J.: 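One structure coming up, written as structure tokens, with questions to follow.
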Amino acid sequence: MRPLLRDAAALAVALATSRIVSAGPPAHAAASPSALRNARTAPRALESERMGLFRRMLDDVSPAYGRRGAVTASPSRQPNYRFDWTRDGALTMRQVVAELRANRDPVQRLQNVARLKAYTLFSWRKVIRSGPAGLGEPKSELSGRPFRGPWGRPQNDGPALRALTHLEFADWLLGHGEESYVKDILYTRERRTGSPITRDLDYVAPRWWEASFDLWEEKKSYHLYTRAVQHQALVLGAKLASRLGDSAGVARYTEAAHQLHKALQDHWDPQRGVLKATLPGNDHGRPTEGRTLDSAVILAAIQTYGEGAPFEITDPRILSTAHALEEAFRREYPVNRGRRGAVAIGRYPGDAYTGYDSRPGGGNPWVLTTAAFAELHYRVAREIAGGLAVTGSNRGFLQSALGDAGQLREGMRLRPGDALLAELRSRLTDKGDDYLNIIRQTEAVERAARGPRWVEALSEQINKKTGRFQGAENLGWSDSSVVSALRARSEIDTPPTRS
Ligand code: NOJ
Ligand code: NOJ
């Protein structure tokens, strides 16, 4: 059979049996679509799926070929992703903190605390030895030695993300009798060397306005994503500073967060009705073009969800941007043809990176951006439980989830108890599930193509024509993005915590 046909045949089987982690018998091969959905989304099935992925994600932490506490982006050598990227590592370890908060099993708690402390030690080694761009170094060797080859540097989202992971860890420790680790190690006022948290925040605070490379490591300029995670790190940093009585820290971090909040408003494009991911800037005097549509905006929204978020998750500007991105990817990727509702999502329209090299038209949907859209839908479903006003900016996004189950009109107010609100929340959840189903299908297609000896894992990309995995295999960020989405799904019916 031609590969494409074989894939299509495999897809039909896959659709009926897939789960991202085959942690139980796929018992619903012949079930009806709604029974299928129910079987897949039963809380226990989702929980075991999440735990399976979480364990797989942990394979990247302290890998056998690296120093303890290092987090490899992927074990892949072709492309070579055997490095500790500050961004990827922080996002992985942030999921470990989230697990720590949710899981009361004492043994697993001890293990997760030990993993995080190893991460702290490893990242401190990295910080001390830095490299050409100081704390803005994008990645290091897995030994902790600086990577000195050419690369897009600095990347100033890294220190902010690492600070966020440490801040959330510190918050947990303070609530669980480990105050001394926070006060003696994570956040000290030692001015000369600093400490893991203060060093990162004191890197970010005075240079929030500087151009840096974006999370995709391609453009040196001013990025919504970088600014958003910096904002949240500084807000949570100021809060910890205040708890520890560091009033000078409170002032430094609050002031910079305030400036960032103002700067973030410049990303709104009122003509196109979307948030611009990157504003024009310059790299060594050469002008850098900005970029409007980019999933980085959605990553920013979900990763900063909660306290310190510069944009509410239901902000119409976020929702209209998500809608515009989805329509662009619907048109761009052949795998999305014929798909109604959820589609496979890439980094940005016109991406050239194949996962191995870059060439015009080379880009594909990515696992982590597709999972991000699932997470966005789950979060919105949760947040609107208290009601919502339909506006010109959020209508497209909401109607696309609601489908033929109803008509939303500008100016409508949906209140708790309204049948339409309940329907909308459940359709948002279903649509969220359908993004994850695209990832589940991809894994099933791959399994069918490679045979039972294939060790299941999520790669970086999904080939836009064949629907098979592509790029770095077993990418930690792919795992952590689905873990994060599944956690968000489990929280849909718990009331949001207000800051
Ligand atoms: C490798 C980077 O990691 C990737 O994000 C980028 O698209 C390519 N290089 C091309 O610059
Ligand atoms: C390329 C991605 O663009 C970047 O965001 C990521 O940090 C590295 N790969 C490592 O996964």
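Atoms within a ligand are numbered from 1 in the order they appear, just like the ligands themselves. Everything numeric here is computed off the predicted structure, so don't read it as measured data.
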J.: Could you tell me, atom by atom, which parts of ligand 2 come under 4.0 Å of a heavy atom of L475?
T.: 11 (O)
J.: Are V96 and L100 close enough that some pair of their side-chain heavy atoms sits under 4.5 Å apart?
T.: no
J.: Provide, line by line, the atom pairs where ligand 1 and the protein bring an N/O atom each to a distance under 3.5 Å; else say none.
T.:
residue  : atom  : partner : partner atom : Å
ligand 1 : 3 (O) : E217    : OE1          : 2.4
ligand 1 : 5 (O) : W216    : O            : 2.8
ligand 1 : 5 (O) : R347    : NH1          : 2.9
ligand 1 : 7 (O) : E218    : OE2          : 2.5
ligand 1 : 7 (O) : R347    : NH2          : 2.8

J.: Looking at side-chain heavy atoms only, is the closest gap between K219 and E289 below 4.5 Å?
T.: yes
J.: For ligand 2, which atoms, with element, lie under 4.0 Å from some heavy atom of D88?
T.: 6 (C), 7 (O), 10 (C), 11 (O)
J.: Are K431 and F373 close enough that some pair of their side-chain heavy atoms sits under 4.5 Å apart?
T.: no
J.: Set out, in order, the CA-CA distance, both residues' side-chain angles and the distance that settles ring pair (Phe, Tyr, Trp, His ring centres under 6.0 Å) for Y187 and H166, then state yes or no.
T.: CA-CA 9 Å; Y187 191 112; H166 278 136; over 10 Å; no
J.: If we only count heavy atoms from C-beta on, is the D60 to S74 side-chain gap below 4.5 Å?
T.: no
J.: I'd like to know if R56 pairs up with E443 as an ion pair, taking the criterion as any Lys NZ or Arg NE/NH1/NH2 lying under 4.0 Å from an Asp or Glu carboxylate oxygen.
T.: yes
J.: Report yes if R87 has an N/O atom closer than 3.5 Å to an N/O atom of ligand 2; otherwise report no.
T.: yes
J.: Once you measure the plane-to-plane angle for F469 and W454, does it fall in the parallel (<30°), tilted (30-60°) or perpendicular (>60°) bin?
T.: tilted
J.: Looking at R125, R68, R162, K126, which hits salt bridge (Lys or Arg N to Asp or Glu O under 4.0 Å) with D84?
T.: K126
J.: Give the atom numbers and elements of ligand 2 that come within less than 4.0 Å of a heavy atom of W477.
T.: 5 (O)
